[in-house]
Amino acid sequence: MKIALRVNGVLHEVDVEPRKLLVHVLRELGYKSVRVGCDTATCGACTVLMDGRPVKSCNVLAVQADGAEIYTADYSDEVMEKLRDAFKRHHAAQCGFCTSGMLTTAYYLVRRGVKSEEEVVEGLSGVLCRCTGYQNIVNAVKEVAGL
Amino acid sequence: MKYVGRPIPRVEDELILRGKATYVDDVEIPGMLYAGFVRSPYAHARVLKVDFSDVLKTPGVVAAFGPGDGEPFSFAPGGKVRYQGEAVAMVVARDRYVLYDALEKVAVDYEPLPAVLDINDALRPDAPLVDESLGNNVVHDKVYEGGDPDRALKEADVVVEGRFVIQRIIPSAMEPRGVVAAYDGDVLTIWSSTQVPFDVRKEVARALGLPLSRVRAIQPFVGGAFGSKLLVYPEEVWVATAAYRLKAPVKWVATRSEDFKATTHGRALTLEYKVGASRDGRILAVTGTVYADAGAYYWGEGLADTAAQMLPGPYDIRHGRVRAVAVLTNKTPLSAYRGAGRPEATLFIERIMDHVADVLGMDRVEIRRRNLIRQLPYRNVFGITYDTGDYPTAFERGLERLGYRDLKRWADEEAKRGRIIGVGFSVYVEITTFGYETAVLRAERDGSFTLYTALTPHGQGLATALAQVVADELEIPMESIKVYWGDTAYVGDGIGTMGSRSITAGGSAAVLAARRLKQELAKAAEALLGCRPEYREGVFQCGGRSVSIAEMVKAVYRGKAEAQLTVEAIYHAEPTFPFGVHLAVVELDPETGFVKPLLYESYDDVGVVVNPLLAAGQVMGGALQGIAQALYEEAIYDETGNLVTSNLAFYYVPTAAEAPRYEVYFAEEPHPSKHPTGTKGVGEAATIASTPAVIMAVEDAMRRVKPGVRIDKTPITPEDVWRLLR
Amino acid sequence: MIPRFEYIRVFSLPEAVDVLSRREDAAPLAGGQSLIPMLKLRVASYGVLVDIGRVRELRYLRYGDVVEVGALVRHYELEESPCGFLRGVAVRIGDPQVRSLGTVGGSLAHADPFGDWPAAMLALGAVVKTAGPDGAREVAIDDFVKGPYQTALERGELVAGLEFRCPPRGAYVKFARRHNDFALTAVAVAAEVKEGHVSWARVAALGAADRPVRLRKVEALLSGVPLTADVIASAAEAAAKEAQPPADFRASAEYRRALLSVAVKRALGRL
């Protein structure tokens with residue numbers, strides 16, 4: 001089935017099998033930052049923004065996303081660069097496997113105007129990190145969100 | 001010292017934060033085939049027949065391998081499978097989705113056998129045998145002894161007995177294991193999500209009868225490991241063999257559910273103990289047995305032994321006898337998980353100290369104060385020599401710095417308002433570092449340096465830390481050093497990142513390489529300058545003349561001077577022993593038994609801290625893993641040997657919402673190791689220290705509700721707390 | 001990886017009903033947040049997935065005397081609802097990513113015994129509006145959930161929406177092992193309190209039986225009395241007595257029973 005996806009502003013038209021997950025289509029399009037860490041939509045490493053909301057792209061069929069506007073951790077704008085800089089200074093990434101999911105989720109939170117540490121923590125709770133203990137990630141996001 | 005000791009952000013982050021780091025599933029080669037495994041649904045079964053007739057007819061299926069295919073396809077050895085998830089066959093297909101359809105078409109006839117899942121059952125004389133050739137399920141049994149424990153127990157004022165059970169942990173690195181292998185007719189290359197590319201290379205070369213020089217193993221970026229990727233797994237050999245035979249690139253990446261069964265589990269040790277103490281709180285003897293629930297194959301050698309040998313911990317106990325027993329069961333094989341024997345030893349001895357303190361009516365700080373080792377170096381009762389430190393001073397300063405007494409007072413105040421807070425702490429000494437490590441350092445024409453390390457970082461930030469130590473040694477900017485890792489084409493052999501050994505063993509190798517390279521260049525400089533030069537900040541000078549490293553290197557290439565521009569250092573590292581005090585604060589909901597970790601603090605003497613930003617990262621992440629062991633995680637099997645906690649939805653890796661606030665401190669006057677870096681290692685410290693600190697905190701909170709309750713297992717779930725409080 | 005299926009995207013309710021009633025092996029796909037993991041783990045498979053995600057008739061949310069929630073309203077859309085009770089439920093569902101796509105109608109139709117919306121809707125006394133080959137039906141929520149993963153939906157029928165009144169007072173108390181986990185138990189209370197007396201209360205729970213249930217003895221106890229500490233305590237006790245909680249790896253029946261009691265107490269305390 002032919003579908004269209006606009007990824008980080010670039011339009012892709014691809015022919016996909018209906019059973020194919022969005023995460024696999026994105027990866028095949030070269031967006032390797034979108035990672036698969038589980039099969040139950042728990043870990044959140046595959047989080048992308050789809051039409052303005054964070055979603056787990058391993059839990060969406062590519063055909064469902066037909067026509068959607070998608071942003072991945074490959075994206076660059078002022079907010080994303082600020083997040084990258086803050087993640088680096090706060091040592092918010094270790095093995096890096098969850099980092100794309102953390103960045104896309106953080107990007108959503110900052111854009112939405114997250115208001116408190118509690119909201120940052122709840123906002124990030126859909127992405128598992130096994131390395132950092134989370135504090136440095138939370139602090140990096142708080143800093144960019146001006147909290 | 002210019003860089004060592006400074007909180008320098010990581011050089012690795014450029015790739016990671018732009019999504020450009022290449023993990024094994026990101027390796028793409030034209031013509032890639034996908035491999036998958038048929039895995040046993042039974043915990044224990046005879047494999048009567050594996051039938052590929054359907055699957056080989058499926059369009060898109062390229063090959064299938066099963067028990068009949070000979071070495072190295074060691075599926076179902078001895079004609080049976082010993083745990084749920086053990087591989088029975090392998091299918092190779094052109095597409096990942098086709099592959100998973102195909103796997104369902106492999107017809108396997110199983111004859112289920114009774115499974116043994118509990119070590120107590122496994123030790124019964126009539127227990128089903130996991131490995132018939134052993135005659136029973138005990139795969140390892142060794143006694144560690146020192147002093148005269150029997151006499152010491154007899155002479156003790158009190159003898160305290162108990163049992164403590166540590167659960168099975170699923171390491172749950174965020175990246176499941178995976179392998180890509182490709183053979184171009186000349187070289188067989190394997191990319192693997194591993195901690196041990198050198199071992200992968202050796203094992204694949206051996207299995208296929210290839211010379212090492214034609215097998216190259218690459219460790220790409222690895223999404224966490226925590227000890228669960230430090231063995232060569234059968235899948236690595238099988239995928240490499242398939243690629244070699246099919247002359248095509250083959251990729252296998254485990255699904256999470258698959259990974260939970262096919263990747264080793266950790267912990268799962270039980271201690272039965274009997275200790276003797278004097279009335280004034282001195283521990284005179286520690287005796288007991290450590291049982292490891294080893295799983296279906298004895299891959300976790302040494303776990304019970306490390307726990308036994310480190311059981312005395314930081315305490316001066318002169319008499320001891322601890323037996324280390326490993327018992328086979330029909331579960332995923334047990335192996336290392338961050339700390340591998342030391343977290344267990346520490347949890348055991350810290351629980352013992354509290355138990356004895358309770359029996360004697362003694363304060364938990366006081367009993368430790370009375371037993372801490374006073375003089376280093378110290379040879380423990382089982383013959384392990386702790387190197388450097390000042391435990392009594394670090395203990396007192398640690399408690400002070402972490403505010404233990406203030407927090408206890410605060411908890412008392414909160415209790416008056418009906419809020420139940422528990423405060424706990426732990427003391428640990430751990431053993432880190434072993435074996436050799438290799439560094440290759442090359443001076444480049446432009447004065448920059450390329451360092452190849454045999455270390456295998458997977459999140460620790462070692463490219464940054466190694467650049468720091470080498471930059472200091474060479475007195476040059478860090479930016480002049482590029483660190484490469486994880487490729488057997490760079491370095492002949494090494495061990496890898498595990499056991500908190502990297503910066504000590506691999507960092508010291510890098511320092512030695514830098515020293516040797518400086519000597520080499522100095523020889524050439526002397527020839528060029530005609531006098532014996534001094535080296536400062538990248539420049540050799542004497543007699544009023546100077547020559548830069550870049551000039552030196554160019555001179556060597558032009559034949560104007562002679563020097564080795566690439567040097568290799570192989571460093572053999574003896575163990576070293578970090579020490580620390582950690583503290584946990586939790587809040588208890590006495591009605592539900594829910595426990596919320598509020599605060600986690602650490603005070604460690606880990607020798608020289610190369611990069612406090614990275615070291616603190618290790619502490620916080622390690623702490624949450626240990627907190628999770630105390631409160632959340634457990635591999636649960638049902639009575640048939642089915643893994644119930646079979647994926648991340650059922651297995652409670654904590655989220656950001658469960659994490660406490662952390663405060664990380666390092667000793668103001670650390671005691672360096674004797675290694676060139678002076679480091680002792682920090683990767684596992686908090687995983688070791690956190691579980692006992694949290695358990696003490698939970699018990700402290702519970703005793704505000706019900707005096708005298710004792711926790712004798714991990715995890716302590718809300719339901720466990722609720723039961724104990726009833 | 002997901003087994004093969006035929007994918008049919010529909011744009012209208014009649015179209016959806018038509019395909020679902022013609023094809024025995026068809027299932028509707030809304031947000032997919034429960035369905036897709038089951039397909040991935042290969043514990044479920046269907047010959048046809050009917051993607052109803054673009055059916056506009058199912059995407060409405062109206063707040064009047066009656067709250068009308070279209071089946072395709074996503075959990076996150078209720079996180080900032082003017083109806084406080086809905087907010088309290090929505091923010092406790094899954095994680096933010098799951099709430100971005102998961103739908104209220106999907107949650108009802110899936111009838112996971114540990115799903116949040118079925119219990120919440122029981123407390124609300126919602127009417128489930130269905131659409132099917134024999135036309136539209138209105139099913140009282142009490143008659144809708146028939147068992148674990150079982151509903152009153154007949155072949156070809158799907159949930160079109162829900163209607164209920166936003167309760168004057170409400171609370172949702174949920175206990176879970178991990179922040180985003182399914183509940184061990186949860187209690188939803190909708191009530192009206194006039195002049196210090198409970199004029200009516202509907203109390204529903206999950207983790208109290210093999211399906212979400214109303215705690216009718218608790219409701220009866222509360223009716224017409226002031227919400228004193230004693231009343232709350234006896235309601236909590238009645239909840240424990242009334243429940244037949246399931247046991248699984250997350251919790252024993254006994255512990256669930258105790259938690260249920262605490263959940264009732266705390267939910268009533270928040271009214």
Side-chain angles (χ1 to χ4, degrees), chain B residues 34 36 41 58 60 93 95-105 253 255-258 260 589-596 628 631-639 642-659 715 717-726, chain C residues 1-5 33-34 36-43 45 91-92 94-98 112 114 173-187 207 232-233 236-237 239-240 245 247-267 269:
Chain B
Y34 295 87
T58 307
D95 172 279
R96 222 175 250 192
Y97 283 73
V98 169
L99 170 70
Y100 281 87
D101 295 342
L103 288 173
E104 289 188 339
K105 293 184 184 167
V253 177
T255 66
R256 174 58 61 183
S257 303
E258 181 181 19
F260 263 28
D589 178 343
E591 286 186 316
T592 61
F594 276 73
V595 170
K596 163 87 181 134
L631 299 175
Y632 302 111
E633 297 178 23
E634 181 171 22
I636 299 173
Y637 284 86
D638 70 14
E639 64 285 355
N642 171 54
L643 180 66
V644 176
T645 52
S646 59
N647 56 54
L648 279 170
F650 297 155
Y651 182 83
Y652 297 131
V653 170
T655 74
E658 278 77 41
T717 66
E719 179 161 354
D720 292 330
V721 171
W722 172 78
R723 281 185 193 285
L724 283 170
L725 289 182
R726 279 211 301 174
Chain C
M1 301 320 116
I2 293 179
R4 271 204 187 89
F5 55 83
Q33 298 304 286
S34 299
I36 292 174
M38 286 162 61
L39 296 173
K40 281 196 289 188
L41 294 172
R42 293 188 171 239
V43 295
S45 76
V91 297
R92 295 304 314 274
D95 55 44
Q97 289 91 326
V98 166
D112 186 315
F114 291 98
V173 172
K174 175 173 172 176
F175 294 120
R177 281 293 307 279
R178 178 174 62 181
H179 187 68
N180 298 325
D181 196 23
F182 284 99
L184 298 172
T185 186
V187 167
I232 291 177
E237 201 176 313
D248 56 28
F249 80 96
R250 286 186 171 94
S252 69
E254 199 186 1
Y255 178 54
R256 277 209 170 88
R257 193 186 301 278
L259 283 184
L260 183 70
S261 194
V262 178
V264 165
K265 185 172 95 177
R266 291 186 187 175

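Below, chain A is the first sequence line, B the second, and so on; all start at residue 1.
Contact of B/Y651 with chain C is made through the backbone alone, with heavy-atom distances under 4.5 Å. If you measure heavy-atom distances from B/E104 to chain C, the contacts under 4.5 Å come from the side chain alone. Heavy atoms closer than 4.5 Å to chain B are found in the side chain of C/K265, but not in its backbone. In this structure, no portion of B/S646 lies under 4.5 Å from any heavy atom of chain C. No part of C/R256 comes within reach of chain B, as not one of its non-hydrogen atoms sits under 4.5 angstrom from that chain. For a residue to count as touching a neighbouring chain, one of its non-hydrogen atoms must lie under 4.5 Å from one of that chain's; by this rule B/N647 touches chain C with the side chain only. Interface residue B/R723: only side-chain heavy atoms are found under 4.5 Å from chain C. For B/S257, the part sitting under 4.5 Å from any heavy atom of chain C is the side chain, from C-beta outward, and nothing else. Neither the backbone nor the side chain of C/S261 comes within less than 4.5 Å of any heavy atom of chain B. Heavy atoms closer than 4.5 Å to chain C are found nowhere in B/L103, neither backbone nor side chain. Heavy atoms of B/A649 lying under 4.5 Å from chain C belong exclusively to its backbone.
Distance check, rounded to the nearest 0.5 Å: CG of C/N180 to OH of B/Y652 gives 11.5 Å. Note: C/I2 CD1 to C/L39 CG = 5.0 Å, rounded to the nearest 0.5 Å. A distance of 6.5 Å separates CD1 of B/I636 from CZ of C/F249, quoted to the nearest 0.5 Å. With rounding to the nearest 0.5 Å, the separation of CZ in C/F175 from CG in C/L259 is 6.0 Å. We find the CZ-CG distance between C/F182 and C/D112 to be 4.5 Å, quoted to the nearest 0.5 Å.
Taking chain B as the reference chain and counting heavy-atom pairs below 4.5 Å, the highest number among C/A251, C/A258, C/P3, C/S252 is found for C/S252. Your options are C/R4, C/R42, C/K40, and the one with the most heavy-atom pairs under 4.5 Å with chain B is C/R42. Counting heavy-atom pairs closer than 4.5 Å to chain C, the top residue among B/E719, B/E658, B/E634, B/E591 is B/E719.
Summarising the geometry of B/W722 relative to B/T592, their closest heavy-atom pair is CB-O, 4.1 Å, with the distance given to 0.1 Å.
Contact check on C/R266 versus B/D589 returns a salt bridge, with a Lys/Arg side-chain nitrogen under 4.0 Å from an Asp/Glu carboxylate oxygen. A salt bridge is absent between B/E633 and C/R178; no separation between the charged side-chain nitrogens and carboxylate oxygens falls under 4.0 Å.
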Inset, instruction - Apply the test salt bridge (charged side-chain N to carboxylate O under 4.0 Å, His left out) to residues C/D181 and C/R250: give CA-CA distance (whole Å), side-chain angles for both, the deciding distance (0.1 Å), then the verdict. - result: CA-CA 10 Å; C/D181 196 23; C/R250 286 186 171 94; 3.0 Å; yes
